[in-house]
There are 2 protein chains.
Amino acid sequence: MTSASPARSLSDRTYLQLREDIVAGKLQAGAKLKLEGLMQDYGVGMSPLREALARLIGDRMVTTEAQRGFWVAPMSLAELDDLTRVRSLLETEAISSAIVKGDAAWMQSVTDTFSQLADIEAQLPASAEALTPQLLEAWESSNRAFHASLVAAADSPIIIRFRQQLYQQSERYRRVSLTASRGWRSVTEEHLAIYEAVRDRNVLRACKMTEIHLTRTADEVRKAFAAANPERFLAAT
Amino acid sequence: MTSASPARSLSDRTYLQLREDIVAGKLQAGAKLKLEGLMQDYGVGMSPLREALARLIGDRMVTTEAQRGFWVAPMSLAELDDLTRVRSLLETEAISSAIVKGDAAWMQSVTDTFSQLADIEAQLPASAEALTPQLLEAWESSNRAFHASLVAAADSPIIIRFRQQLYQQSERYRRVSLTASRGWRSVTEEHLAIYEAVRDRNVLRACKMTEIHLTRTADEVRKAFAAANPERFLAAT
DNA sequence: GCCTCATAAAATTTCGAAATTATATTGACA
DNA sequence: TGTCAATATAATTTCGAAATTTTATGAGGC
């Protein structure tokens with residue numbers, strides 16, 4: 001699964017692999033995580049496995065009940081709404097700070113990551129069926145890098161960390177909707193609008209565009225859920 | 001140490017005990033956490049201990065380097081400022097939401113926790129020397145309960161969780177300054193002002209009073225650090 | 001005297017199994 | 001036939017020690 005990762009211990013590696021498999025949906029929301037099975041699947045012992053699970057509980061990717069085991073954290077429309085709301089709050093705060101504090105090197109990194117993302121988005125096919133897994137992975141990676149670079153210069157490590165955590169949680173939801181047909185054109189335009197606002201150091205516009213981007217993304221996800229078997233992915237709301 | 005706690009497993013209990021000992025300063029900031037020693041001190045084996053540490057890393061109470069072990073997370077004035085800033089952001093958002101969404105039962109719980117806190121604050125002595133550990137613990141508990149009740153009706157589980165985490169982190173800093181002399185009178189007045197604003201469902205005033213309260217508390221902590229051996233508690237800023 | 005390399009000690013990380021707790025099954029009784 | 005208790009099974013939790021990695025120690029060479 002995840003191969004070349006900066007994991008210095010088995011525990012680290014297992015944590016990253018489990019997280020990726022949950023985000024990707026290989027481990028379905030709500031599924032019971034049997035320790036015996038996970039030890040076999042990931043080829044590790046009890047200790048690093050439990051350590052990885054403890055970290056995933058902090059990330060809200062896994063839930064636990066004492067003496068009863070572990071489950072993949074459920075998904076819900078209520079959580080999607082909450083995630084979107086708090087991301088808006090933190091992301092706008094972070095971008096505002098970054099625009100004020102960021103130097104030329106930061107602006108260059110924003111330009112670079114945006115260019116790479118724009119290149120990939122230009123290659124995206126119109127139909128969802130023609131979207132290869134490789135291209136999807138490249139887009140996910142570039143999208144993550146672009147949004148991370150936007151807030152990298154913010155002078156609040158705590159906000160940056162919280163934002164990062166919520167981004168990962170949201171990725172779970174986005175992955176479900178990305179396999180369905182999407183309005184890629186709109187996303188591309190939204191990224192451009194954010195980039196231009198940041199480039200011009202226009203705080204208000206950058207915040208507004210960011211909020212629109214997050215809201216629209218959440219709308220897409222909500223639609224995809226409504227279309228394809230919501231009961232498979234969603235807990236009772 | 002922590003005795004009657006809702007811990008269903010050794011791992012849980014160890015997590016709570018370690019966190020309390022770090023917040024209380026029994027485990028000093030920056031100190032190396034030797035696994036062998038911790039196993040003896042807390043009377044547990046390797047597995048629950050490492051699980052507890054993994055959770056504390058998520059809470060930013062502990063840091064780790066692969067293959068090199070664990071340390072009590074350092075403290076810094078920079079982090080105090082960041083904590084104060086983000087707490088203001090989340091706390092005001094949460095209180096606003098709670099005032100709008102909260103029902104009569106919530107308002108009652110706010111009144112109850114405020115009354116209890118006011119009672120205890122009325123008993124506080126003028127000089128720091130006369131402050132008993134029992135009274136300090138009672139105040140910490142009531143203060144926590146009051147502030148928690150204020151935001152309990154907010155309709156964002158994520159904000160409530162983040163707020164809770166930052167409150168615990170801040171408690172570490174506050175404990176250092178509480179042993180020094182304090183302007184208790186001012187804190188009492190601030191709590192009253194927040195309570196009255198919430199009781200009147202005055203969102204703007206509740207937010208403003210909350211911000212003032214957080215800022216003044218941080219100022220007290222900063223002063224206490226300047227007075228008493230900052231290099232003992234603080235990492236390089 | 002100082003740097004380098006080999007060796008020893010200490011600490012972390014991981015495994016595998018024992019002990020504990022929860023869940024499922026079976027049989028007795030009303 | 002349904003309910004409850006007793007037993008058997010399965011799963012989680014914990015321990016203690018082996019394996020790995022880092023850090024400290026000391027000898028030899030420049």
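Scope of the values below: all heavy atoms of this structure, side chains included, with no hydrogens, waters or symmetry mates. Lettering follows sequence order; numbering is per chain, from 1.
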(request) Please work out which of the three classes, parallel, tilted or perpendicular, describes the rings of B:His147 and B:Tyr167, given edges at 30° and 60°. (result) tilted

Which protein N or O atoms sit under 3.5 Å from an N or O of nucleotides 17-21 of chain D?
none

(message) In this structure, how many angstroms lie between the P atom of C:dC15 and the CG atom of A:Leu38, rounded?
(response) 14 Å

(message) What's B:Leu33 touching, base or sugar-phosphate or nothing? Going by heavy atoms closer than 4.0 Å.
(response) sugar-phosphate

(request) Between C:dT13, D:dT13, D:dG16, spot the one nearest the side chain of B:Ser47, thanks. (result) D:dG16

(message) Check the phosphate of C:dT23 against A:Arg68, side-chain N and O only, distance under 4.0 Å to OP1 or OP2. Yes or no?
(response) yes

(request) Would you please confirm or rule out a distance under 4.0 Å between OP1 or OP2 of D:dT23 and any side-chain N or O of B:Lys32? (result) no

(request) Quick one: pull up CZ in B:Arg55 and CG in B:Leu18 and give me the separation to the nearest 0.5 Å. (result) 11.0 Å

(message) Distance check needed: D:dT12 C1' versus A:Glu36 CD, whole Å only.
(response) 10 Å

(request) Would you indicate which nucleotide in C:dT12, D:dT14, C:dT14 comes nearest to any side-chain atom of B:Leu35? (result) C:dT12

(request) Before giving the answer on side-chain hydrogen bond (donor to acceptor under 3.5 Å, both in side chains), spell out for B:Gln108 and B:Asp112 the whole-Å C-alpha distance, their side-chain angles and the decisive distance to 0.1 Å. (result) CA-CA 6 Å; B:Gln108 188 60 51; B:Asp112 292 347; 3.0 Å; yes

(message) How many whole angstroms separate atom OH of B:Tyr15 from atom C1' of D:dT13?
(response) 19 Å

(request) Mind calculating the distance between CZ (A:Phe70) and C1' (C:dA22) to the nearest angstrom? (result) 15 Å

(message) Could you tell me how far apart B:Gln40 (CD) and D:dC15 (C1') are, to the nearest whole angstrom?
(response) 14 Å

(message) Nearest to the side chain of A:Lys34, heavy atoms from C-beta on, is which of C:dT13, D:dA11, D:dT13?
(response) D:dA11

(message) Salt bridge check, A:Arg174 against A:Glu140: does any charged N sit closer than 4.0 Å to a carboxylate O?
(response) yes

(message) Whether A:Glu171 and A:Arg175 form a salt bridge (side-chain N of Lys/Arg under 4.0 Å from carboxylate O of Asp/Glu) is what I want to check.
(response) yes

(message) Ring of B:Phe70, cation from B:Arg50 - is the NZ or CZ under 6.0 Å from the centre and inside 45° of the axis?
(response) no

(request) With sequence neighbours left out, write down each residue that passes side-chain contact (heavy atoms from CB on, under 4.5 Å) with B:Ile160, or none if nothing qualifies. (result) B:Ala154

(request) Find the distance B:Met39:CE to D:dT14:C1' and express it as a whole number of Å. (result) 11 Å

(request) Could you grab the distance from atom CG of A:Leu83 to atom CZ of A:Arg172, nearest 0.5 Å is fine? (result) 10.0 Å

(message) In whole Å, I'd like the distance from the CG atom of A:Leu49 to the P atom of C:dC15.
(response) 10 Å

(message) Need to verify one output field. Residue with the more 5' nearest nucleotide on DNA chain C, B:Gly69 or A:Gly45?
(response) B:Gly69

(request) Could you tell me the separation between the CD atom of B:Glu65 and the C1' atom of C:dA11, rounded to a whole number of Å? (result) 14 Å

(request) Tell me what B:Leu10 touches on the nucleic acid: a base, only sugar-phosphate, or nothing, going by heavy atoms under 4.0 Å. (result) sugar-phosphate

(message) Looking at B:Arg85 and A:Asp155, is there a salt bridge between them, counting it only when a charged N and a carboxylate O are closer than 4.0 Å?
(response) yes

(message) Can you pull out the residues from residues 51-60 of chain B that lie within a 4.0 Å heavy-atom distance of DNA chain C?
(response) none

(message) side-chain hydrogen bond (donor to acceptor under 3.5 Å, both in side chains) for A:Gln168 and A:Arg19? Distances and angles first, verdict last.
(response) CA-CA 9 Å; A:Gln168 269 163 19; A:Arg19 196 180 67 189; 3.1 Å; yes

